[in-house]
Amino acid sequence: MSTAAEPAVPAEPVDRAPVRAWAMFTTVLTWAVFLQAVTAGRILTGDEWARDVHRTAAGLLFLVAVGGGVVALVRLRDHARGRRFGLMLVAIGVGLFVQHGLGTAAADGEDTLWIHVPLGVALVGLLAQASQFARRVGGPA
């Protein structure tokens, strides 16, 4: 019986490029959702252009989040936490869809701003969490 330690087998190098790409994706999406508050403020000050920009950006953000989530589910299915990250993006996309509906209802005179505004804040927080989560995809469980 030998007391010499067996040589350690080097681990396969982890390609961090996909992790950086997903972290960048979620960071940009977070800022884009956050900047919706700027156009909302411009709506409240009476700028007519802001309503169209706010509504159009909201629809695009929903599509980007859901599309990103679906791509993440496919591309990261073999990575640790990849499926969870993809589902997180899809769930945020659903939240953005609900947010868009609430905003449209408010623009049509419905009393929905009381939930539209806090939901927007919550979505920014969830996206910040998703951005942090993206940095851990593929790492040790």
Side-chain angles (χ1 to χ4, degrees), residues 2-141:
S2 172
T3 59
E6 293 188 25
V9 177
E12 291 183 30
V14 176
D15 183 12
R16 300 305 292 172
V19 171
R20 284 191 297 271
W22 285 108
M24 180 61 73
F25 173 81
T26 54
T27 299
V28 169
L29 188 58
T30 302
W31 276 104
V33 171
F34 176 77
L35 289 174
Q36 282 288 86
V38 174
T39 57
R42 298 311 306 175
I43 291 169
L44 295 175
T45 60
D47 288 342
E48 290 298 319
W49 61 268
R51 183 177 307 274
D52 293 333
V53 170
H54 190 76
R55 182 175 289 178
T56 302
L60 291 173
L61 289 171
F62 152 69
L63 292 173
V64 168
V66 170
V70 170
V71 170
L73 283 170
V74 171
R75 298 290 309 259
L76 300 175
R77 68 182 172 272
D78 296 331
H79 291 75
R81 299 183 196 91
R83 178 181 160 95
R84 186 171 173 200
F85 174 68
L87 290 173
M88 182 184 290
L89 284 178
V90 170
I92 289 169
V94 169
L96 287 167
F97 179 77
V98 170
Q99 181 74 334
H100 185 274
L102 290 169
T104 300
D108 293 339
E110 298 291 326
D111 183 23
T112 58
L113 280 181
W114 66 273
I115 190 70
H116 179 74
V117 172
L119 179 58
V121 173
L123 286 168
V124 170
L126 288 172
L127 277 161
Q129 289 293 319
S131 186
Q132 290 298 315
F133 195 81
R135 289 169 174 79
R136 296 191 306 264
V137 169

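Being a predicted model, the structure only gives us computed values, none of them experimental.
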Q: If we only count heavy atoms from C-beta on, is the Thr45 to Arg42 side-chain gap below 4.5 Å?
A: yes

Q: Can you spot which of Ile43, Thr39, Leu35 makes a side chain to side chain contact (heavy atoms under 4.5 Å, CB included) with Val53?
A: Thr39

Q: Just by distance, do the side chain of Thr112 and the backbone of Ala106 share a donor-acceptor pair under 3.5 Å?
A: yes

Q: Looking at Trp114, I want to see if its CH2 is surrounded by more than 12 non-hydrogen atoms of other residues, nucleotides or ligands under 6.0 Å.
A: no

Q: State, with a plain yes or no, whether a side-chain heavy atom of Arg83 is found less than 4.5 Å away from one of Arg77.
A: no

Q: Does a side-chain heavy-atom distance below 4.5 Å link His79 with Phe85?
A: no

Q: Would you call Val64 and Phe25 a side-chain contact if the rule is heavy atoms closer than 4.5 Å?
A: yes

Q: With distance as the sole test, does Arg136 use its side chain to make a donor-acceptor pair with the main-chain N or O of Arg81 at under 3.5 Å?
A: no

Q: Check Gly93 against Ala65 and note the closest heavy-atom contact, atom names and distance.
A: CA-CB, 3.7 Å

Q: Kindly indicate whether the side chain of Arg135, heavy atoms from C-beta on, has any atom under 4.5 Å from the side chain of Thr27.
A: yes

Q: Distance from Thr30 atom OG1 to Gln129 atom CD, nearest 0.5 Å?
A: 10.0 Å

Q: Could you check Ile92, Leu119, Ile115, Leu61 and say which one makes a side chain to side chain contact (heavy atoms under 4.5 Å, CB included) with Gln99?
A: Leu119

Q: Taking everything shown except Phe34 itself, do over 12 heavy atoms lie less than 6.0 Å from its CZ?
A: no

Q: Indicate the atoms forming the closest heavy-atom contact of Leu89 with Ala72, along with that distance.
A: CD1-CB, 4.4 Å

Q: Does Thr26 use its side chain to pair, donor to acceptor, with the backbone of Ala23 at less than 3.5 Å?
A: yes

Q: Thr104 side chain to His100 main-chain N or O, any donor-acceptor pair under 3.5 Å?
A: yes

Q: Look up atom CG in Leu127 and atom CD in Gln132, then write down how far apart they are to the nearest 0.5 Å.
A: 12.0 Å

Q: Tell me the closest heavy-atom pair linking Gln36 and Ala57, and the distance in Å.
A: OE1-CB, 3.2 Å

Q: Under 4.5 Å between any side-chain heavy atoms of Val137 and Trp22, yes or no?
A: no

Q: Within a strict 4.5 Å, meaning less than it, do heavy atoms of the Leu113 and His116 side chains meet?
A: yes

